Amino acid sequence: MEFMSLEELNADQRIIDVIKKRGIERLNPVQTEAVKKGLMEGKRLLITSPTGSGKTLMAELGMISFLLKEGGKAVYVTPLRALTAEKYNTFKDWESLNFKVGMSSGDYDSDDEWLRNYDIIVTTYEKLDSLWRHKPSWLKDVNYFVLDEFHYLNDSDRGPVVESVAVRAKKKNILALSATISNYAKISSWLGADAVTTNWRPVPLKEGVIVQDRRKCQVIFQDNLTLTLNGSDAIIAYTLYTIEKGGQVLVFRNSRKMAETTARKIAAEMEKAPLNDKELLEVANRIKDVDDAGGNEKEELYNLSLKGVVFHHAGLSKGLREIIENAFRERKLKVIVATPTLAAGVNLPARVVIVGDMYRYNRKILGYQEEIPIMEYKQMSGRAGRPGYDDYGESLIVLRNKRDIEKIFEKYILSDPEPIESRLGNESSFYTFLLGILSTEGGLNKNEIYDYSHQTLLDREIVDDYLEKGISWLNENDFIEERDEKFRLTKFGRKVSDLYVNPFTAKTIRDYLSRAETSCELAYFHLLAYTPDGPSIGVSRAEQDQLIDEAYCPLFIDEPDDEDELYEYLSALKVALIVKDWIDEVDEDIILERYSIGSGDLRSIVETMDWLTYSGSHIAGVIEATEHSRKLEILNKRVKDGVKEDLIPLVQISGVGRKRARLLYNNKITTPEDIVMNPEKVKALLGQKIGEKIAKEAAKLIAGLH
DNA sequence: GATAGGTTGCTTTAGACAGCATGTC
DNA sequence: CTAAAGCAACCTATC
């Protein structure tokens, strides 16, 4: 274990100053090794090391020293919008060296060309992929790419994009950062990079299992240390044990419901725990005052937080999630019981991590529970141990059965994660990849497409197979055309690539719309939700029969016979009904109740349908289905803000949402002009301060139109 | 006859990226 | 292609 001093680093003094300002005195062993392997000289590296081993600083050293020497731009890519925002904030430190930092993702989006003003751009894999297709002028100035959380390459949904980005990025200088992977040698040689691999962690990790044995729980650590606790529930017993000793606990469960009930059970036992009621009351009030709709989860979280225990999953609104994460970081909340959301994502360590379930239901195969990937376990256990607070972290796997002990130790604790492999080997991903390269590169002949495709991680034979099929499929379906032996995107293909929708989504939309007359709102939503890009949502047994009755108008798609397809069809119908309620201005809490979804779910459905209505409208435009296009355009405006058509002019004003707009409209203020004309009335309706602000925004909007 | 506690049968099951216009976080 | 936990309705023992 070698720690390099900042003096030895031999870097520009301004770099040292920034690092020192953060309270960092020396480089840790991972960082030291990376520096020795040429990080500061712009050497191509693949760094695989555990969570919290200071990979971000390595990326910064790499980027900054490269920019100082070579000029140009650096792009830092992450798989999550939350990570993009987090990195953006840390990289702001480098503005003292006159490097301008920008970010671009679905959340915080900049105009493509505007990004030229930045030296460091933080973005997501999908956004970068999309940028490449739009070819903004500055992209050729980027000579350094940092590919963060590179193990996402192995994700079946998102991996293909990571790989496409890597294929393009590796033509330039790259630094790939990844969790520990077993086949790093193969990956680094594919990337043309040197590998830096260590298992060094800033806080040591003690792993073990905890087994339920009647009224007692047996804890067995890796180092053979054992411990017996009283209690008939292993999770509760060890959580209480940890809290008594002043630690925080992160519990993982594999369903939302279980996360909630486990949180309730722990909270019920918290009477004897040492809690700071004043702090918790303050947290509880933050939860109560959150201004995005929290649904009925809000009240429950309020009560739970008074006991220092909360649950956390994607059904929660963004505001609630943030409050919980911050309060845990502030060490006010003692326990979070979460679904896998918190395993990846932003940094949120705890002294103890309890992995409650080693199996997960597989939605594709009935009755089949698969063991969770080792990588996923490592991501969870990696959250154990807070630097500066804990001497070591503990990660415990809960076992229901004694005879699993050895197997679990062998598989999860003593082994490396599974190798990461290409996920491009299926029609949908590969065809998307082909569309992407033709979009970026312009016209290519067959040989050039071959060469390009062989840059992927995929085996040659598989590439060749999909290539033939892909080219003819894209050709037959009018995404591409052949001219002078070169393949180019058609107008339709170009549009699909720009919209960033899956080609199968585009084909579905085009095929149905081109042969049908216009239909009702519900039918459009249903069609969009039924595509591969549509939101998927669970449909309960009881809902299934009801859904068909609620479809009040003819849909574009006929009811399928196949059972699985029928489920997809009904799921899309449920999405359609939710979005229909949303644009009919049904109160948010009523929607959540009616469809038993969380407010986070509603937000994500609306977000996706916003994108898809926009895309649908433009696809209809290209195939000259003008009526469809016009209808979808109006729906898009309504979905964005959740309003009926008459409110569209009002919600264009920033600060005016569905509720304020309806209030104004009911009082005969129906346009931005009305607001400017009657500022006093607006103030009377919305309050002095808000009214004033909105009047200003309305004036700005009108000015912008002229 | 009320009630605590058990049994049976049925149901449900994680997460989160993308366009554009806006101002430029 | 190998399940498990929650929940409501019903059942049973006990006082």
Side-chain angles (χ1 to χ4, degrees), chain A residues 78-85 88-89 92 100-115 117-118 123-131 133-134 152 155 157-162 252-262 312-315 318 338-345 356-372 376 400 432 495-502 505 533 535-536 538-544 596 600-601 603-605 607-608 610-619 633 636-637 640 652-654 697 700-701 704:
Chain A
T78 87
L80 301 170
R81 303 202 282 222
L83 283 177
T84 298
Y88 169 79
N89 285 321
K92 279 265 169 185
K100 286 166 93 184
V101 186
M103 74 166 150
S104 185
S105 73
D107 277 343
Y108 266 151
D109 208 357
S110 295
D111 176 82
D112 290 358
E113 278 304 327
W114 180 265
L115 291 169
N117 297 314
Y118 301 108
T123 186
T124 57
Y125 283 101
E126 281 80 1
K127 186 68 194 184
L128 179 57
D129 189 19
S130 164
L131 283 168
R133 297 163 183 226
H134 288 88
Y152 263 75
D155 184 285
D157 296 326
R158 314 273 307 283
V161 184
V162 176
F252 287 103
R253 303 293 334 244
N254 65 1
S255 80
R256 292 180 183 184
K257 192 165 275 178
M258 286 201 283
E260 291 178 15
T261 46
T262 303
H312 181 294
H313 56 63
K318 212 172 151 195
T339 53
T341 352
L342 284 185
D357 312 86
M358 297 313 275
Y359 291 87
R360 186 166 37 235
Y361 165 79
N362 180 327
R363 57 186 76 192
K364 287 183 202 80
I365 305 160
L366 193 74
Y368 182 55
Q369 290 204 133
E370 54 200 356
E371 294 177 343
I372 60 168
E376 206 171 307
R400 312 278 182 290
T432 304
K495 189 49 103 180
V496 173
S497 170
D498 285 350
L499 292 167
Y500 207 68
V501 292
N502 182 307
T505 295
D533 283 319
S536 52
V539 184
S540 75
R541 191 106 224 161
E543 281 173 320
Q544 294 189 16
S596 25
D601 299 315
R603 280 258 50 99
S604 96
I605 289 170
E607 196 177 284
T608 306
D610 176 9
W611 166 52
L612 284 177
T613 44
Y614 180 88
S615 302
S617 159
H618 280 257
I619 288 168
E633 192 187 336
N636 175 245
K637 289 189 171 141
K640 241 185 208 354
Q652 304 311 311
I653 305 163
S654 122
E697 290 294 333
K700 223 155 93 185
L701 182 75

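Residue numbering restarts at 1 for every chain, and letters A, B, ... go by the order of the sequence lines. This is a predicted model, so every value here is computed, not measured.
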Could you check Ser104(A) against Thr123(A) for side-chain hydrogen bond (donor to acceptor under 3.5 Å, both in side chains), going step by step and ending with a plain yes or no? CA-CA 5 Å; Ser104(A) 185; Thr123(A) 186; 4.8 Å; no

Original post:
What is the nucleic acid contact for Lys100(A), judged by heavy atoms within less than 4.0 Å: base, sugar-phosphate only, or nothing?
Top reply: nothing

Considering only heavy side-chain atoms of Lys127(A), the closest of dA14(B), dC7(C), dA18(B) is dA18(B)

Rounded to whole Å, the CD-P distance (Glu543(A) to dC10(B)) equals 20 Å

Taken to the nearest whole Å, CG/Asn254(A) to P/dA3(C) is 15 Å

*Name the nucleic acid region contacted by Tyr125(A), choosing base, sugar-phosphate or nothing; use a 4.0 angstrom heavy-atom cut-off, strictly under.*
nothing

- prompt: For Asn636(A), which contact category applies under a 4.0 Å heavy-atom criterion: base, sugar-phosphate, or nothing?
  reply: base

Original post:
Within the structure, does a side-chain N or O atom of Ser130(A) lie under 4.0 Å from either OP1 or OP2 of dA18(B)?
Top reply: no

- What does Ser615(A) touch in the nucleic acid at a heavy-atom separation under 4.0 angstrom: a base, only the sugar-phosphate, or nothing? nothing

Quick note, Ser540(A) side chain, CB onward, closest among dT24(B), dG19(B), dT12(B) is dT12(B)

The reported gap from CG in Asp155(A) to OH in Tyr125(A) (rounded to nearest 0.5 angstrom) is 11.5 Å

Closest of dG15(B), dT2(C), dA18(B) to the Tyr368(A) side chain is dT2(C)

Value for CG (Asn254(A)) from CD (Gln369(A)), rounded to nearest 0.5 Å, stands at 7.0 Å

| task | Determine the contact category for Ser255(A): base if any of its heavy atoms lies under 4.0 Å from a base atom, sugar-phosphate if only primed atoms, P, OP1 or OP2 are that close, otherwise nothing. | result | sugar-phosphate

Side-chain atoms of Tyr614(A) come closest, of dT12(B), dC1(C), dC20(B), to dC20(B)

Is the phosphate of dA18(B) approached by Arg81(A) (side-chain N or O, under 4.0 Å from OP1 or OP2)?
yes

**Report entry** Centroid under 5.5 Å and tilt under 30°, Tyr359(A) to dA4(C)
**Finding:** no

Q | Note: Arg253(A)-Glu260(A) ion pair, threshold 4.0 Å (strictly below) | A | no

Of the listed dG15(B), dC17(B), dG6(C), the closest approach to the Glu126(A) side chain comes from dC17(B)

d(Lys700(A) NZ, Ile653(A) CD1) to nearest 0.5 Å is 12.0 Å

Nearest-nucleotide check on DNA chain B, Tyr500(A) vs Thr339(A); residue mapping nearer the 5' end is Thr339(A)

request  = Tell me what Asp109(A) touches on the nucleic acid: a base, only sugar-phosphate, or nothing, going by heavy atoms under 4.0 Å.
outcome  = base

Rounding to 0.5 Å, atoms CG (Leu128(A)) and OG (Ser105(A)) come to a distance of 12.5 Å

Remember a base hit wins even if backbone is also touched, and classify Asp155(A) as base, sugar-phosphate or nothing at under 4.0 Å, heavy atoms.
base

Paired to dT22(B) by Watson-Crick or G-U wobble criteria (both distances under 3.5 Å) is none

If pairing means Watson-Crick or G-U wobble with both distances under 3.5 Å, then the partner of dG6(C) is dC10(B)

message: Counting the atoms with a prime plus P, OP1 and OP2 as sugar-phosphate, which does His618(A) contact under 4.0 Å by heavy atoms, base, sugar-phosphate, or nothing?
response: nothing

Taking dC17(B), dT24(B), dA14(B) as options, the one with an atom nearest any side-chain atom of Thr124(A) is dC17(B)

In whole angstroms, the gap separating P of dT13(B) from CG of Asp601(A) amounts to 10 Å

Side-chain donor/acceptor of Asp610(A) to base of dG19(B), under 3.5 Å = yes

From the candidates dA16(B), dG19(B), dC7(C), the one with an atom nearest any side-chain atom of Lys257(A) is dC7(C)

Between the CG atom in Asn362(A) and the CD atom in Glu371(A), the distance rounded to the nearest 0.5 Å is 13.0 Å

Considering only heavy side-chain atoms of Ala314(A), the closest of dG19(B), dA14(B), dA16(B) is dA16(B)

Q) Within the structure shown, what part of the strands sits under 4.0 Å from Asp357(A) by heavy-atom distance: base, sugar-phosphate, or nothing? A) nothing

note: Arg256(A), atom CZ; dT13(B), atom P; distance rounded to Å ~ 9 Å

Would you indicate what Leu612(A) reaches in the nucleic acid, counting non-hydrogen atoms under 4.0 angstrom: base, sugar-phosphate, or nothing? nothing

note: Asp111(A), atom CG; dG19(B), atom P; distance rounded to Å ~ 12 Å

Under 4.0 angstrom, heavy atoms only, what part of the nucleic acid is His312(A) near: base, sugar-phosphate, or nothing? nothing

dG15(B) -> Watson-Crick or G-U wobble partner, both distances under 3.5 Å, gives none

When rounded to the nearest 0.5 Å, the distance separating CE of Met103(A) from CZ of Arg81(A) is 11.5 Å

When both distances are under 3.5 Å in a Watson-Crick or G-U wobble arrangement, the nucleotide paired with dG1(B) is dC15(C)

Taken to the nearest whole Å, CH2/Trp114(A) to C1'/dT22(B) is 12 Å

Considering only heavy side-chain atoms of Gln369(A), the closest of dG6(C), dA4(C), dC25(B) is dA4(C)

Would you say Ser654(A) reaches dT22(B)'s phosphate, i.e. side-chain N/O to OP1/OP2 under 4.0 Å? no

Could you tell me how far dA14(B) sits from dC7(C) if I compare only their P atoms? Round to whole Å. 14 Å

When rounded to whole Å, the CG to C1' distance for the pair Asp112(A) and dT22(B) reads 14 Å

Distance below 4.0 Å between Arg158(A) side-chain N/O and dA18(B) OP1 or OP2: no

In whole angstroms, the gap separating P of dG15(B) from CG of Leu83(A) amounts to 17 Å

Mark yes or no for a side-chain to base donor-acceptor pair under 3.5 Å between Thr608(A) and dA18(B), with no hydrogen or angle criteria applied. yes

Over all strands shown, is Tyr361(A) touching base, sugar-phosphate only, or nothing at heavy-atom distances under 4.0 angstrom? base

